[in-house]
Amino acid sequence: MELVEQWMNDKNKAYWNCWQCLNGDYTEGTWSWVLFWTADEVDTTYESGLAGSEIECKLCIKEEIIRRLKKEGLL
């Protein structure tokens, strides 16, 4: 999983952020996350979602990175 950590920490490959949703549109305690694939040269794509905590957000981000690395044959 070292490669996953490298991608999480390298802003040239992926940029991510998570935050607590504090407005009334979401259930209390909801967190949101976004993951931009900055390694894409032509079109920066992204993944996003909701979770129940900051820890869950980071786990979702790691799962997306794993999915991407497997798709590219790196894992």
Side-chain angles (χ1 to χ4, degrees):
M1 291 298 159
E2 184 176 321
L3 186 58
V4 176
E5 293 296 327
Q6 288 175 1
W7 275 61
M8 279 199 78
N9 295 321
D10 187 345
K11 303 253 186 274
N12 292 319
K13 295 183 185 285
Y15 172 79
W16 58 270
N17 196 4
C18 52
W19 61 94
Q20 189 171 15
C21 302
L22 297 176
N23 65 21
D25 294 338
Y26 299 94
T27 305
E28 187 176 333
T30 300
W31 283 71
S32 186
W33 60 270
V34 66
L35 169 64
F36 292 95
W37 300 110
T38 53
D40 293 344
E41 294 182 18
V42 178
D43 185 28
T44 303
T45 57
Y46 68 94
E47 312 293 339
S48 63
L50 298 172
S53 69
E54 183 177 14
I55 292 170
E56 286 180 29
C57 286
K58 290 178 182 179
L59 289 173
C60 291
I61 291 166
K62 283 184 179 184
E63 288 173 7
E64 290 297 328
I65 291 173
I66 290 169
R67 189 175 293 119
R68 171 84 177 237
L69 293 174
K70 285 182 178 179
K71 180 180 173 185
E72 293 184 6
L74 299 172
L75 277 184

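Just so you know, these numbers use all the heavy atoms, side chains as well, and skip hydrogens, waters and symmetry mates.
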Worksheet item: Taking only residues two or more places apart in sequence or in another chain, which ones pass salt bridge (Lys or Arg N to Asp or Glu O under 4.0 Å) with Glu47?
Response: none
Worksheet item: When rounded to the nearest 0.5 angstrom, what distance separates CG in Leu69 from CG in Leu74?
Response: 5.5 Å
Fill in: Salt-bridge criterion met for Glu63 and Arg67 (N-O under 4.0 Å)
no
Worksheet item: ring pair (Phe, Tyr, Trp, His ring centres under 6.0 Å): which pairs involve residues 46-66, sequence neighbours left out?
Response: Phe36-Tyr46
Discussion item. Quick test of your reading: applying ring pair (Phe, Tyr, Trp, His ring centres under 6.0 Å), list the pairs with at least one residue in residues 49-75, sequence neighbours left out, ordered by first then second residue.
Written reply: none
Worksheet item: Rounded to the nearest 0.5 Å, how far apart are CD1 of Ile65 and CE of Met8?
Response: 5.0 Å
Tabulate below the donor-acceptor pairs under 3.5 Å that side-chain atoms of residues 54-62 make, not counting sequence neighbours, or state none.
unit_1, atom_1, unit_2, atom_2, d
Glu56, OE1, Gly52, N, 2.9
Lys62, NZ, Glu5, OE2, 2.7

Discussion item. Would a single hydrophobic cluster contain both Ile66 and Leu3, if residues Ile, Leu, Val, Met, Phe, Trp and Tyr are joined by side-chain heavy-atom contacts under 4.5 Å?
Written reply: yes
Fill in: Geometric cation-pi criterion, Arg68 with Trp37: 6.0 Å, 45°
yes
Distance-only check: which donor-acceptor pairs under 3.5 Å involve side-chain atoms of residues 20-34, not counting sequence neighbours?
unit_1, atom_1, unit_2, atom_2, d
Asn23, OD1, Asp25, N, 3.1
Thr30, OG1, Thr27, O, 2.7

Fill in: Inter- and intrachain pairs under ring pair (Phe, Tyr, Trp, His ring centres under 6.0 Å), touching residues 56-75, at least two apart
none
Discussion item. Quick check for you: to the nearest 0.5 Å, what is the distance between Thr38 atom OG1 and Asp10 atom CG?
Written reply: 7.0 Å
